[in-house]
There are 2 protein chains.
Amino acid sequence: MSTDSRRPAADSELQRALDAVGDPVRRSILRQLAAADPWTIACGQFDLPVGKSTLTHHFRSLVEAGLLEQRDEGNRRMNRLMRDEFDRRFPGLLDLVLDQ
Amino acid sequence: MSTDSRRPAADSELQRALDAVGDPVRRSILRQLAAADPWTIACGQFDLPVGKSTLTHHFRSLVEAGLLEQRDEGNRRMNRLMRDEFDRRFPGLLDLVLDQ
DNA sequence: GACTATGTTCGACAGTGATCGAACATCCCA
DNA sequence: TGGGATGTTCGATCACTGTCGAACATAGTC
């Protein structure tokens, strides 16, 4: 690994994390994801007021920030919130989002 | 008080906090402020690569997010990081910024 | 094989916000 | 009282990003 998660995250990583979490649509994704079991929700199943292509955009942002992981299951793309991993890198940040 | 700091902060407050902390210039302000004693640094004394009017803009953002407090001392406008207050509303967020 | 469902890619567009410089206001000091 | 220092306000600009729709790709189904 090139990054040591016990060392403080570089500012560019923090920037990406804050950007990811700074959008209300993405926060809604994170909350809906946290309320369900891992790998049970496909991208199109979220209750969100945006179109498909916008959704793709937001998911990319979340994946790049290390907030969620995706896996293809036939037709659909399933999601898992990377809660523990993200908590280790940025303690407290995700909790802040999920506690409304 | 209209807001109870023990209740989870409303999403609009969280939005303002994340926006404030999401800018690299503002994070630099917060770090320089944390490294000094309260009320010892005036706005113009920060080491930052932006002009005066931009500075004013960033300070307004930080004040509105409840991250710092200002006080006029004659000519200059002194600053204090509202660390405890902000930590109570958004536990862990400021630490994330200050730990580089 | 045709049709449907699920996602991605691409180009365009609009709103937001970070930035600047010029002008202004205030305060301090000589 | 005049000059310098410190900040603010205002208007303009520019880049970024969230948004959309259309076209495309792929997988499942009848």
Side-chain angles (χ1 to χ4, degrees), chain A residues 11-33 36-81 97, chain B residues 11-33 36-81 97:
Chain A
D11 202 54
S12 69
E13 294 180 56
L14 178 61
Q15 182 72 64
R16 232 179 312 155
L18 291 173
D19 285 345
V21 147
D23 182 273
V25 172
R26 289 195 283 265
R27 283 199 298 278
S28 180
I29 292 177
L30 294 173
R31 287 171 187 142
Q32 293 180 47
L33 217 41
D37 289 330
W39 303 122
T40 58
I41 312 190
C43 291
Q45 294 180 312
F46 288 82
D47 180 27
L48 292 167
V50 294
K52 288 192 303 174
S53 50
T54 304
L55 242 284
T56 299
H57 167 68
H58 286 306
F59 276 107
R60 176 168 41 236
S61 169
L62 290 170
V63 167
E64 283 171 357
L67 269 159
L68 62 84
E69 192 180 9
Q70 300 189 309
R71 172 211 287 175
D72 283 353
E73 276 184 20
N75 213 4
R76 312 189 303 166
R77 181 155 291 188
M78 311 304 288
N79 300 277
R80 180 184 79 88
L81 185 61
V97 172
Chain B
D11 201 54
S12 69
E13 293 181 57
L14 179 60
Q15 183 71 63
R16 233 179 311 154
L18 291 174
D19 284 344
V21 146
D23 182 272
V25 172
R26 290 194 282 266
R27 283 199 299 277
S28 181
I29 293 177
L30 294 173
R31 288 170 187 143
Q32 294 180 46
L33 218 42
D37 289 331
W39 303 122
T40 59
I41 311 189
C43 290
Q45 293 179 315
F46 288 84
D47 179 29
L48 292 168
V50 294
K52 289 193 301 175
S53 49
T54 304
L55 242 283
T56 299
H57 167 67
H58 286 305
F59 276 107
R60 176 168 41 234
S61 170
L62 290 169
V63 167
E64 284 171 356
L67 270 159
L68 63 84
E69 192 181 8
Q70 301 189 308
R71 171 211 288 175
D72 283 353
E73 276 184 19
N75 212 6
R76 312 188 304 164
R77 180 155 292 189
M78 312 303 289
N79 299 278
R80 181 183 79 89
L81 185 61
V97 172

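Since this is a predicted model, take the numbers as computed values, not measurements. Side chains are part of it too, since the values below use all heavy atoms of this structure and drop only hydrogens, waters and symmetry mates. Within every chain, numbering begins at 1; the chains are lettered A, B, ... in the order of the sequence lines, protein sequences first and strands thereafter.
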Task: Nearest-Å distance for atom pair CZ/C1', residues A:R76 and D:dG28 - done: 12 Å
Open item on the list: Taking any heavy-atom pair under 4.0 Å as a contact, classify A:D23: base, sugar-phosphate, or nothing.
Closed with: sugar-phosphate
Distances under 3.5 Å only, N/O to N/O: pair up the protein atoms with those of nucleotides 23-25 of chain D.
none

Open item on the list: What is the distance, to the nearest angstrom, from the CD1 atom on A:I41 to the C1' atom on C:dT6?
Closed with: 16 Å
Task: Interatomic distance, B:D19 CG vs D:dC16 P [rounded to whole Å] - done: 18 Å
- [ ] Can you see which heavy atom on A:D11 is nearest to which on B:R31, and at what distance?
- [x] OD1-NH2, 2.7 Å
Task: Sole residue of A:L68, A:L62, A:V21, A:V97 in side chain to side chain contact (heavy atoms under 4.5 Å, CB included) with A:R26 - done: A:L62
Open item on the list: Using a strict heavy-atom distance below 4.0 Å, which residues from residues 53-75 of chain A are in contact with DNA chain D?
Closed with: A:S53, A:T54, A:H57, A:H58, A:G74, A:N75
TODO: May I ask you to evaluate whether A:R77 reaches the phosphate of C:dT8, defined as a side-chain N or O under 4.0 Å from OP1 or OP2?
DONE: yes
- [ ] May I have the distance from A:M78 (atom CE) to D:dA27 (atom P), rounded to whole angstrom?
- [x] 16 Å
Open item on the list: Can you give me the closest heavy-atom contact between B:R71 and B:W39, atom names plus distance?
Closed with: NH2-NE1, 3.2 Å
- [ ] I would like to know whether A:H58 and A:L48 meet side-chain contact (heavy atoms from CB on, under 4.5 Å); could you show each step before the answer?
- [x] CA-CA 11 Å; A:H58 286 306; A:L48 292 167; over 6 Å; no
TODO: Assess the side chains of A:Q15 and A:D19: does a donor N or O sit below 3.5 Å from an acceptor N or O?
DONE: yes
Task: Whole angstrom value for the distance that separates C1' of C:dA18 from CG of B:L48 - done: 13 Å
Task: Nearest heavy atoms of B:D47 and B:S28, plus distance in Å - done: O-OG, 4.4 Å
TODO: For the pair B:V25 and B:H57, evaluate side-chain contact (heavy atoms from CB on, under 4.5 Å) and give the outcome as yes or no after the intermediate values.
DONE: CA-CA 11 Å; B:V25 172; B:H57 167 67; over 6 Å; no
Task: B:R77 (side chain) donor-acceptor with B:Q70 (main chain) under 3.5 angstrom - done: no
